[in-house]
Amino acid sequence: MIQNEIKSCSSESQRPQGEIQSDTNMEVDDDDDIILPEMSDSEDDDSKLESRSKRTIVAALDLGTTYSGYAFSFTEDWPKVYTSFYRAEEFVAQKAPTVLLLHPNQSFYKFGFEAEREYAILSEDNKHQDYYFFNRLKSYFDPELSETVHVTNKSVIADENGKKCNAMEIFSIFIKHLADSVIEDAEKKLKQDGDIRDIRLSDIDFFITVPSYWDDTVRMLMIEAAKSIGIPKDQVKIVLESEAASIYCQYMHLDDFNEQAKESYRDKIIPGYKYMVIDLGGGTADLTVHERTTDNSMKYAVDPVVVRWGGAKVDAAYWQFCCDLFGKENMKQFKENHREDYLIFFRAFEVQKRAGPLAASENVYIRIPLALVEIIGGNEKIAAAISSSKYNGIVSFEKVSYKCKIPNTEYEKLFEETCENITTQLKKLLDDQDLNAIQVVLLVGGFADCYIIKNKIIQEIDTQRKKILIIPKEPSSAILKGAVYIGHTSKAVTLRISSYTFGIQNWPTFDSEKHPADRKTKVADQERCREVFVKFLSKGDKISPKHRKTFILEVLKPDEDKLECGIFMSSEKDPKFTDEKGVLKIGSVIIDLPKVDKGTAIEIEEEINILETEVRVTVTELQKFGEFQEVFDILSVEP
């Protein structure tokens, strides 16, 4: 049983001095701003700055909802960032679909476009059942899409056919493939310059970009997954996508870009300067407003806005459109029995999204695959299906060319709801009186390549608002490049938001006015309230690297030989007791108590450090100054 009473606490690393406090202030930080990596204040050309990395390469890995990829640069020429490159039919991109195909023994087989194609072939030959096919891996940890409340190292995820695998092992395979691709590409680049050096994992600093809505435990899972394939913890860092976008905005003039970026942004970066980053991804649209402070760092001017509408919502609308035209059962049969044709068909839609309408036409033309034509029953049946649908008189079928003709106005309706949700939040930010000073808006992300959402945002940021909209040449790679820049230029490590409430157990004197009657118990002839949860960090608080808290506690049973000091966590912001539903015990430190005369008080000092992937607890018995320490891996805590 854990029995002790808090005498005082401190946010400092040293033991608190002076008067003993009866009340414990659990606030971590009174400042509401989240500080981002510091920016260079040098007037010199940034391209001449030396990299802060001590390794040969800095690489960024982006595990996106819809598409994933990597980027890297060498420390001796860090502004020159190389990005991944993938091709499938006529579709060329810097990222590949977030798709992983494993052998029946769960070893790596294919990734991205190759995984889609190989799985399609296996499906058509009915040989796919024993393989593992994971699509849009990132969505498994989206709190709005997943049933997983608390991620542990035993958490499982299911593939498309419901077969379950350990989540950490799957992400280890995913990260290893991207890391190996970085090494392969880096060696090719060196060889082109006559350098035949071998690149190893130990030569690379890795930065994994994650969304702001990811739970702390998911971020820890990524670090542990990287560690499991041989990347030490000191070589892998987690970077928020919004932070990477912010840093890209600072250094984008080093990219293959026009002079507008430098004139519109770089020369105006002074304290108080505000700018907005709109990151349009497959799963979400993240809108952040950053401001430069007097100490050359950046902070969020307002809380980041996450709009859960992205490119994937448009894909879903297109699927529904096809179901309305050709029948849901026909589309399901097309997807299940002719998967390769299905993939090509939907990739064509992806190309169309980016290409924009033909200048000489008021219509969009979509070629219908022969396999789908045959499923429906031929040309006449397709025409009849369209005539009986709600698109009768709007969409027509050209029998000779096997193409559907869709008016641009109707085609753009597929994007309408997604665009509306994103631009509504954008308008709210732009209309905020406190954000009038925003001068520049940077548009990045894979969905930013879509001409329809791009035009909607351009319309919203019109000339009357007097804002400059900057769209990089390759908006889909901006986050990756920003993460690489962070690895080379930033010595600051950002604060993050705690996903959990952390605390210790206390047995204070029973107070009938604030403690439930069933909590009253007697300890050493004194009435106590049992198992009270005392917070040292609340859910939603800002947490700095190596965040620490120190408590002084009095042992309630000094005549015993040992004392158990437990650490607890909860997904609730304000838990009351350590044994209530939802509170998890991270672990305990067992300390040896000294022998003392009867009536002699024993005090202990308990220091808790919240690290990137673990909690370190050091307990010092203050009679003889015996020290006891334990490190707890949060991923091992079972819900």
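This one's a predicted model, so the numbers in the text were calculated from it and none came from an experiment. Note that the numbering runs from 1 along the sequence shown for the chain. Hydrogens, waters and symmetry mates are skipped; everything else that's a heavy atom, side chains included, is used.
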Pair S68-T98, side-chain donor/acceptor within less than 3.5 Å: yes
For the student: nearest non-hydrogen atoms of A115 and F133, plus distance: O-CE1, 3.9 Å
Residue pair Q425 / K428, side-chain heavy-atom distance below 4.5 Å: yes
Aromatic ring pairing Y132/F134, orientation class (parallel under 30°, perpendicular over 60°, tilted between): parallel
Salt bridge (Lys or Arg N to Asp or Glu O under 4.0 Å): pairs with one or both residues in residues 568-584, sequence neighbours excluded: R519-D579, R530-D579, K535-D574, D574-K576
Residue pair T209, D62: steps toward the side chain to side chain donor-acceptor pair (under 3.5 Å) verdict: CA-CA 5 Å; T209 64; D62 178 13; 3.2 Å; yes
Rounded distance (nearest 0.5 Å) linking atom CG of L563 with atom CD of E606: 8.5 Å
Heavy-atom closest pair, residues A60 and V484: CB-CG2, 3.8 Å
Contact check, side chains of I567 and I608, non-hydrogen atoms, under 4.5 Å: yes
Between T501 and S570: side-chain donor-acceptor atoms closer than 3.5 Å: no
Ionic contact status for D203 with R55, cut-off 4.0 Å: no
Min side-chain heavy-atom separation T152-T217 under 4.5 Å: no
Partner set under side-chain contact (heavy atoms from CB on, under 4.5 Å) for I173, not counting sequence neighbours: L100, L102, F108
Any L537 side-chain heavy atom under 4.5 Å of Y500 side chain: no
Sidechain N-carboxylate O distance under 4.0 Å for D180, K176: yes
Residues E607 and T618: side-chain donor-acceptor under 3.5 angstrom: no
Ion pair check, D592 and K624, cut-off under 4.0 Å: no
Trace of the side-chain contact (heavy atoms from CB on, under 4.5 Å) decision for V210 with E241: CA-CA 6 Å; V210 303; E241 292 164 351; 5.7 Å; no
Stepwise side chain to side chain donor-acceptor pair (under 3.5 Å) test for D205 and S53: CA-CA 7 Å; D205 279 326; S53 175; 2.7 Å; yes
Residues K595 and D561 bridged, charged N to O under 4.0 Å: yes
Note, K539 side chain near S499 side chain (heavy atom, < 4.5 Å): no
Verdict with reasoning, E531 to T578, per side chain to side chain donor-acceptor pair (under 3.5 Å): CA-CA 6 Å; E531 299 169 320; T578 58; 4.9 Å; no
Note, L61 side chain near F206 side chain (heavy atom, < 4.5 Å): yes
Basic-acidic side-chain contact under 4.0 Å: E614, R616: yes
Lys/Arg cation over aromatic F510: K520, 6.0 Å, 45° cone: yes
Aromatic plane relationship, Y485 with Y248 - under 30° parallel, 30 to 60° tilted, over 60° perpendicular: parallel
Audit row: F568, F533, side-chain contact (heavy atoms from CB on, under 4.5 Å) steps and yes/no: CA-CA 8 Å; F568 300 84; F533 192 112; 3.7 Å; yes
Contact check, side chains of I278 and L280, non-hydrogen atoms, under 4.5 Å: yes
Pairing of K598 and D559 as salt bridge, 4.0 angstrom limit: no
